[in-house]
Enquirer: 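Here it is, the structure in full.
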Amino acid sequence: MTVLSEAGSALSHGGSRAIRRSPYPGWFFLPAALIYGVLFLAPTFASLYFSLTRWTLFNSTFIGLDNFAQFFREPFLVQGPVNTVLYAAVTSGLKVVLGMLLALLLTSAIMGRGYLRSVVFFPVLVSTVGVGITFTVLMHPTRGMINDTPALFGIKGPGWLVDPRLALFSVALVDVWKGVGPATVIYIAGIVAIPKDYYEAARIDGATKWQNFLYVTLPLSRPATATVIILSFIGGLRTFDLIWAMTRGGPGFASDTIASVIYKQYRAGFYGLSTAGNVVLFVLIGIWSCR
Amino acid sequence: MKSRPSIFLGIIAIPVSALVFLVPFAFIILTAFKNKQQATLLDFSWPDGFHLWNNIVEVVTTRNWMLLTAFINSTILTVASVTLPVIFAAMVGFVLARRKTRWNGLIEFLILAGLMIPPAVVPTIWLLQGIGLFGKLHGPVLIEVAYGLPFSIILYRAFIATIPRELDEAAIIDGARPFDVFFRIILPLLWPVTVTNIVVQSVGVFNDFTNPLYYLPGNANATVQLTLYNFQSQFNTSYNLLFTNILLITIPPLLVFLFFNRHIVAGMTAGAVKG
Amino acid sequence: MAGLELKSLRKSYGEVEVIKGVDLNVEHGEFVVFVGPSGCGKSTLLRMIAGLEEITGGDLFIGDKLCNDVEPRDRGIAMVFQSYALYPHMSVYDNVGFGLKLAGAPTDVRDRKVREAARILQMEHLLDRKPSQLSGGQRQRVAIGRAIVRQPEVFLFDEPLSNLDAALRVDMRMELSKLHHDTGATMIYVTHDRVEAMTTADKIVVLNAGVVQQVGSPIELYQRPANLFVAGFIGSPKMNFVELTVEKLGPDSVTVSGKDIGPTTVPADPTSLKPGDTVTPGIRPHDLTDQSSGNLVGEVSLVERLGNETNVSLRLPSGAARLAVLDGDHELRIGQSLPLAFAPDRAVIFNKSGIALHRK
């Protein structure tokens with residue numbers, strides 16, 4: 001019966017049954033897809049091949065996994081991936097903790113709230129290189145402002161950027177200084193979105209301020225925490241400009257990350273090796289975001 | 001029972017925040033006012049005299065007015081690479097929010113990938129050379145567009161999802177073609193997000209250092225961030241000039257911040273929640 | 001000037017069929033109401049007529065034109081949405097004139113038509129406002145204005161009054177009836193509100209689960225429901241159903257009895273029945289009266305006194321609950337027993353599969 005009637009209607013329409021155009025045409029994707037495909041996707045896929053070659057930009061020789069082997073064999077290259085993960089972990093951890101604390105402070109009734117919000121957020125807008133140069137000067141071991149203060153009491157401050165054990169963490173601190181603003185803003189949005197009812201219910205149940213935080217604010221701002229972690233960890237893995245402006249990976253290779261190694265190898269003309277670094281970073285981010 | 005603003009917390013927070021966040025800026029400004037000898041001391045002190053104007057003149061005129069060229073280049077790069085994707089991204093966001101197909105999953109994956117995966121630098125250079133755009137301003141414009149699209153698309157898609165579909169349908173009944181629905185109904189309604197998008201992206205592109213470093217070699221094409229990097233070695237002993245440079249290139253984002261503060265914050269949270 | 005013809009119209013989303021072959025004729029100038037519970041497919045059917053949903057099978061004629069694959073703008077229809085769907089960035093004037101603008105009408109023609117529509121709807125003073133500056137009722141008017149300015153042959157309304165408060169809804173309902181009277185256009189109106197359906201329609205189409213249950217005038221549906229679903233859906237409060245056994249068959253009547261009711265002879269078509277069958281007579285609450293001689297006796301479980309009438313919930317001997325609406329005020333105690341009577345010719349007999357057995 002069903003079959004019959006459908007066949008009948010198909011017949012009665014003959015060839016006129018044209019598919020009506022969707023009001024949401026597929027070609028709207030086209031301009032964006034073209035630019036994105038050519039300038040982002042194509043190089044990304046090409047990198048998978050070129051990372052397996054010795055490459056001069058004009059011709060490439062397939063050498064298998066040699067680049068990757070070198071990447072994990074040479075001591076000055078191995079430092080890169082280790083530092084990268086360390087840097088991402090330190091910066092995102094600090095941004096989560098400080099962002100949360102600042103957001104709590106800035107959503108509470110506090111004198112000068114508008115000023116505080118602006119001040120915390122403003123460093124985001126300043127050029128990273130500018131910030132890097134400024135803090136390089138401020139962290140100068142003998143003349144820098146940061147060490148001037150302890151020097152007044154006769155204490156010798158640390159060699160922030162010249163001490164190989166400290167350099168990476170000093171840069172990470174500056175990263176947090178510059179990037180805690182967005183983390184705070186995300187937390188503020190998350191905390192403000194928590195319905196007042198929960199706090200009122202908790203108050204009727206006799207919760208203290210600390211319990212309010214522990215059982216209402218903290219669990220209900222978990223989406224914000226997830227966002228901050230994702231954004232700052234991936235941002236940390238990719239960081240190049242701040243490290244380059246402050247230490248150029250030095251002293252020695254002490255603060256090299258994958259991104260700075262990619263640039264150094266590129267400058268040195270080892271294009272295959274540089275691209276292999278890209279693939280390592282790519283895989284690292286892939287693994288981390290699939291966890 | 002609304003509690004009064006806590007003065008106690010404020011008394012602690014305001015000076016601490018000033019010390020942590022404002023002193024570095026004050027240092028930049030003070031050093032830009034100093035002469036070479038005093039600046040070399042690298043200390044936080046009042047300038048001996050007013051040397052800002054001399055410093056500006058010297059920074060701007062050095063290396064054949066390179067900073068001026070750089071400002072022009074940066075402006076072109078920023079304006080072009082921020083306006084182009086507005087319409088493209090809104091188009092994608094529109095169809096993506098409205099039409100459910102089995103491709104949506106893949107498209108969304110590619111967009112997320114674009115947000116997270118670092119671009120493959122050397123292959124991109126190789127490709128730019130292949131199509132003759134390496135070392136020219138067009139190349140980086142398209143690059144910034146490509147890198148900026150995912151964020152814009154996510155922003156637009158989230159916003160378009162809040163526009164009721166009945167609006168499209170009313171327009172269709174009124175006789176609108178797909179083109180009309182988008183350009184006459186949807187696009188005008190996107191204005192608030194478009195402002196956010198333009199503000200956030202332009203600050204990003206103006207402050208971008210990495211991409212011009214790779215894709216715009218040579219002094220003729222330098223952007224403002226590159227001048228800073230180039231001057232860093234040249235002005236190694238002239239901290240007054242280095243910090244004057246920093247001060248000058250911080251002014252445009254500062255203006256943006258003063259006028260569009262709300263939009264930037266909105267963009268941060270909107271992009272973040274969906275990202 | 002156009003009527004509509006739907007021929008075994010079908011709609012499915014993948015495997016799921018939501019409209020299962022609808023046949024319907026709408027005369028030119030008729031006011032037709034699609035009514036049914038939510039999810040019955042009434043809005044989908046309307047949207048298929050509008051051209052907003054693809055037609056999976058069957059034929060749709062508007063006027064004499066096969067419209068399955070015709071763009072909405074070429075169907076000669078206009079539609080008013082539940083949310084009104086006014087363009088927020090345009091003034092009322094531009095909202096009403098948008099369709100004409102797209103059609104390329106000259107400015108002076110457009111201006112005349114927009115002002116004419118505004119005059120009909122008494123909203124000339126609102127033309128410069130944005131939708132956000134309007135009240136719910138005013139938005140409704142603009143949405144209607146946007147429809148009439150296109151001078152459609154068929155108006156489509158998708159639950160247009162459900163966002164208004166009760167008082168405004170009654171006003172707008174009357175105004176829509178007036179609009180129908182004045183324009184003489186065909187109108188198709190979707191609602192889940194039975195009162196709205198009963199008061200406005202020339203013809204009601206009752207839908208359930210994608211199938212037309214009955215088509216007819218409001219009174220026809222009330223007095224001669226085709227099946228249990230329609231009987232239960234139309235009329236408020238809901239019709240009472242009692243399961244009884246067939247005792248005896250007459251030439252055009254059936255005598256039924258059961259635990260709750262003694263033998264009663266009800267007019268019905270007996271041809272498909274035999275003694276001993278189970279049937280379900282339906283009795284409307286308003287048709288029950290309290291009479292000491294009544295053969296339906298129940299125990300009062302709840303009394304709602306409204307002054308002009310009294311709603312009484314009863315528990316019958318079988319345990320089933322029934323509702324009666326008695327004229328005037330009655331002082332009743334919970335737990336007391338109350339005998340009720342009904343005129344047998346007001347009852348409707350439904351067979352086991354729920355089909356009404358009306359006397360021919």
Side-chain angles (χ1 to χ4, degrees), chain A residues 21-26 28-29 31-32 35-36 39-40 42-44 46-47 50 57 105 108-112 116 118-123 125-130 133-135 137-138 140 143-145 148 182 185-186 189 227 231 234 238 240-241 262 266 271 274-275 278 281-282 285 289, chain B residues 3-7 9-10 13-14 17 21-22 24 27-28 41-44 88-89 91-92 94-95 98-99 114 116-124 126-127 142-143 145-147 149 168 172 178 181 203 207 209-210 225 228-229 232 239 242 246 249-250 253 257 265 268-269 272-273 275:
Chain A
R21 277 182 307 159
S22 161
Y24 310 116
F28 269 32
F29 286 128
I35 295 179
Y36 187 68
L39 290 165
F40 180 77
T44 301
S47 72
F50 285 121
L57 283 186
L105 194 69
S108 69
I110 182 174
M111 191 173 72
L116 287 169
S118 305
V119 135
V120 169
F121 189 69
F122 181 61
L125 297 167
V126 184
S127 103
T128 310
V129 183
I133 292 172
T134 308
F135 272 92
V137 169
L138 294 177
H140 195 283
R143 287 180 291 166
M145 242 185 73
D148 277 356
V185 167
I186 292 166
T227 311
L231 289 184
I234 290 177
R238 293 172 61 165
F240 168 73
D241 39 11
I262 292 170
Y266 160 69
Y271 299 131
S274 170
T275 307
N278 243 313
L281 190 51
F282 177 117
I285 288 175
S289 37
Chain B
S3 52
R4 277 177 302 124
S6 163
I7 297 176
L9 270 177
I14 292 172
S17 66
F21 289 105
L22 291 186
F27 181 80
I28 295 174
L41 298 175
L42 301 182
D43 58 352
F44 193 73
F88 296 166
M91 282 160 75
V92 173
F94 175 57
V95 179
R98 289 292 199 245
R99 195 164 138 182
M116 302 205 291
I117 293 174
V121 190
V122 190
T124 307
W126 169 73
L127 192 115
L142 291 175
I143 297 256
V145 171
Y147 296 174
L149 274 173
D168 311 1
I172 292 167
V181 175
V203 170
N207 280 341
F209 167 67
T210 314
Q225 305 304 325
L228 205 51
Y229 174 67
Q232 195 183 1
Y239 284 102
L242 194 58
I246 294 177
I249 69 170
T250 305
F257 175 71
V265 171
M268 288 279 165
T269 42
V273 170

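Proteins come first, then strands; the chains are lettered A, B, ... in the order of their sequence lines, and each starts at number 1.
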Enquirer: Among A/Val119, A/Leu116, A/Val129, A/Leu125, which residue has the highest count of heavy-atom pairs closer than 4.5 Å to chain B?
Expert: A/Leu125
Enquirer: Based on non-hydrogen pairs under 4.5 Å, which of B/Phe27, B/Phe209, B/Trp126, B/Tyr147 is most in contact with chain A?
Expert: B/Trp126
Enquirer: With chain B as the partner, which of A/Ser274, A/Gly130, A/Ala42 has the greatest number of non-hydrogen pairs under 4.5 Å?
Expert: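 Top count of heavy-atom pairs under 4.5 Å with chain B: A/Gly130.
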Enquirer: Identify which part of B/Leu142 has an atom lying under 4.5 Å from any heavy atom of chain A, answering side chain, backbone, both or neither.
Expert: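 When you check distances to chain A, atoms from both the backbone and side chain of B/Leu142 fall under 4.5 Å.
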Enquirer: Could you tell me whether the side chain of A/Phe121 reaches within less than 4.5 Å of the side chain of A/Val185, counting heavy atoms only?
Expert: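 A side-chain contact under 4.5 Å exists here.
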Enquirer: Just wondering, do B/Val145 and A/Tyr36 contact through their side chains at under 4.5 Å, heavy atoms?
Expert: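 Counting from C-beta outward, A/Tyr36 and B/Val145 never come under 4.5 Å.
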Enquirer: Taking the inter-plane angle between the rings of A/Phe28 and B/Phe94 on a 0 to 90° scale, is it parallel (under 30°), tilted (30 to 60°) or perpendicular (over 60°)?
Expert: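 The rings of A/Phe28 and B/Phe94 sit tilted, inter-plane angle from 30° to 60°.
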Enquirer: Do A/Ser118 and B/Phe257 come close enough that some side-chain heavy atom pair is under 4.5 Å?
Expert: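 Side chain of A/Ser118 against side chain of B/Phe257, heavy atoms only: contact under 4.5 Å found.
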Enquirer: Indicate, with yes or no, if the rings of B/Phe21 and A/Phe122 have centres closer together than 6.0 Å.
Expert: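 Ring-ring flag for B/Phe21/A/Phe122: false, centres at least 6.0 Å apart.
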Enquirer: Using non-hydrogen atoms and a 4.5 Å limit, figure out which bit of A/Phe50 sits close to chain B: side chain, backbone, both or neither.
Expert: side chain
Enquirer: Residues two or more places apart in sequence or in another chain: which of them pass side-chain contact (heavy atoms from CB on, under 4.5 Å) with A/Ser47?
Expert: A/Thr275, A/Val279, B/Ala120, B/Pro123
Enquirer: Can you say whether A/Leu138 sits under 4.5 Å from chain B via the side chain, the backbone, both, or neither, judging by heavy atoms?
Expert: side chain
Enquirer: For A/Ile262, is it the side chain, the backbone, both, or neither that has a heavy atom closer than 4.5 Å to a heavy atom of chain B?
Expert: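 Its backbone and side chain both get close to chain B.
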Enquirer: A/Ala46, A/Ser108, A/Pro25: which one forms the most heavy-atom pairs within less than 4.5 Å of chain B?
Expert: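 Between A/Ala46, A/Ser108, A/Pro25, the count favours A/Pro25.
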Enquirer: Between B/Ile172, B/Thr250, B/Val181, B/Leu228, which has the largest tally of heavy atom pairs under 4.5 Å with chain A?
Expert: B/Leu228
Enquirer: What part of A/Ile234 lies closer than 4.5 angstrom to a heavy atom of chain B: side chain, backbone, both or neither?
Expert: side chain
Enquirer: Do B/Pro253 and A/Val126 have side chains that approach each other closer than 4.5 Å (heavy atoms only, starting at C-beta)?
Expert: no
Enquirer: List in chain and number order the residues that pass side-chain contact (heavy atoms from CB on, under 4.5 Å) with A/Leu105, two or more places apart in sequence or in another chain; answer none if no residue qualifies.
Expert: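 With sequence neighbours excluded, A/Leu105 shows a side-chain contact (heavy atoms from CB on, under 4.5 Å) to A/Ile110, B/Leu9, B/Ala13, given in chain and number order.
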Enquirer: Where on B/Leu22 is there a heavy atom nearer than 4.5 Å to chain A: the side chain, the backbone, both, or neither?
Expert: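 For B/Leu22, the side chain is the part near chain A, not the backbone.
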Enquirer: At a heavy-atom separation under 4.5 Å, does B/Ile28 approach chain A through its side chain, its backbone, both, or neither?
Expert: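 The side chain, not the backbone.
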Enquirer: Considering only heavy atoms and a distance below 4.5 Å, find which of A/Thr128, A/Thr134, A/Val120, A/Thr44 pairs most often with chain B.
Expert: A/Thr134
Enquirer: At what distance, to the nearest 0.5 angstrom, does CD1 of B/Ile249 lie from CG of B/Asn207?
Expert: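 It is 7.0 Å, given to the nearest 0.5 Å.
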